[in-house]
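In what follows, a structure is listed as structure tokens, so that the remarks can point back to it.
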Amino acid sequence: MGIQSTVSHIERHARLFERMMVKLGVREEMAAMKDVETAASKRCLGCAAADACGSWLDEDTEAPRAPSYCRNAALFDRLMEAVPNESE
């Protein structure tokens with residue numbers, strides 16, 4: 001992998017990771033835990049499902065949880081449990 005393709009890979013996964021956090025409503029919670037955010041973003045970089053993730057983020061308007069193939073699904077689930085439900 002050349003430098004340009006490596007940079008493109010990193011940028012793509014960073015955008016997907018950010019979009020996932022926003023879609024699931026856990027951006028603030030994740031930002032408060034920098035070490036966890038760093039580890040989670042590294043897991044995202046190693047994911048082979050970027051195309052599926054991008055499609056899921058584009059098509060799904062509401063998401064009760066991350067897709068099962070997401071390498072951070074369990075972490076996102078825990079963070080979502082900690083977020084107060086606005087309907088309560």
Side-chain angles (χ1 to χ4, degrees):
M1 190 181 284
I3 291 174
Q4 185 57 40
S5 60
T6 299
V7 169
S8 293
H9 175 84
I10 292 169
E11 289 174 342
R12 180 179 189 205
H13 283 264
R15 283 190 305 272
L16 292 170
F17 184 64
E18 180 68 25
R19 288 178 62 199
M20 183 69 74
M21 289 186 293
V22 170
K23 179 173 269 320
L24 297 175
V26 297
R27 182 70 196 101
E28 290 180 27
E29 290 72 20
M30 185 71 81
M33 303 181 300
K34 284 296 181 194
D35 290 342
V36 173
E37 182 177 18
T38 298
S41 65
K42 287 180 182 177
R43 275 192 300 277
C44 183
L45 277 175
C47 180
D51 289 340
C53 181
S55 294
W56 184 85
L57 287 165
D58 288 343
E59 295 172 9
D60 227 7
T61 55
E62 289 188 26
R65 64 184 316 255
S68 60
Y69 54 78
C70 178
R71 297 179 80 182
N72 288 303
L75 171 61
F76 290 139
D77 283 348
R78 287 192 303 275
L79 290 173
M80 289 174 73
E81 288 175 8
V83 175
N85 186 342
E86 293 178 6
S87 64
E88 293 179 352

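All values below were derived from every heavy atom in this structure, side-chain atoms included, with hydrogens, water molecules and symmetry-related copies excluded.
- Applying the salt bridge (charged side-chain N to carboxylate O under 4.0 Å, His left out) test to pairs two or more places apart or on separate chains, those with a residue in residues 70-79 are Arg65-Asp77.
- Listed by first and then second residue, the salt bridge (charged side-chain N to carboxylate O under 4.0 Å, His left out) pairs involving residues 39-49 amount to none (not counting sequence neighbours).
- The backbone N or O of Ala50 sits nowhere less than 3.5 Å from a side-chain atom of His13 that would complete a donor-acceptor pair.
- Residues forming a side chain to side chain donor-acceptor pair (under 3.5 Å) with Asp35 (at least two apart in sequence, or on another chain): none.
- Across all non-hydrogen atoms, the minimal contact from Ala73 to Pro67 is CB-O, 3.8 Å.
- Qualifying side chain to side chain contact (heavy atoms under 4.5 Å, CB included) partners for Glu37, counting only residues two or more places apart in sequence or in other chains: Phe17, Met21, Arg27, Met30, Lys34.
- Among residues two or more places apart in sequence or in another chain, the salt bridge (charged side-chain N to carboxylate O under 4.0 Å, His left out) test is passed with Arg19 by Asp58.
- Under the side chain to side chain contact (heavy atoms under 4.5 Å, CB included) criterion, Ala14 pairs with no residue, sequence neighbours left out.
- The shortest side-chain heavy-atom distance between Leu57 and Cys53 falls under the 4.5 Å cut-off.
- There is no path of hydrophobic side-chain contacts, each under 4.5 Å, that joins Met20 to Ile10.
- The shortest distance between side-chain heavy atoms of Glu18 and Ser41 does not fall below 4.5 Å.
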Arg12 vs Arg15, side-chain contact (heavy atoms from CB on, under 4.5 Å): CA-CA, chis, key distance, verdict:
CA-CA 5 Å; Arg12 180 179 189 205; Arg15 283 190 305 272; 3.9 Å; yes

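- When all heavy atoms of Ala52 and Tyr69 are compared, the pair lying nearest together is O-OH, 3.1 Å.
- Leu16 approaches Gly54 most closely through the heavy-atom pair CD2-CA, 3.7 Å.
- A single hydrophobic cluster is seen to contain both Met80 and Trp56, as judged by linkage of ILVMFWY side chains at heavy-atom distances under 4.5 Å, directly or through other members.
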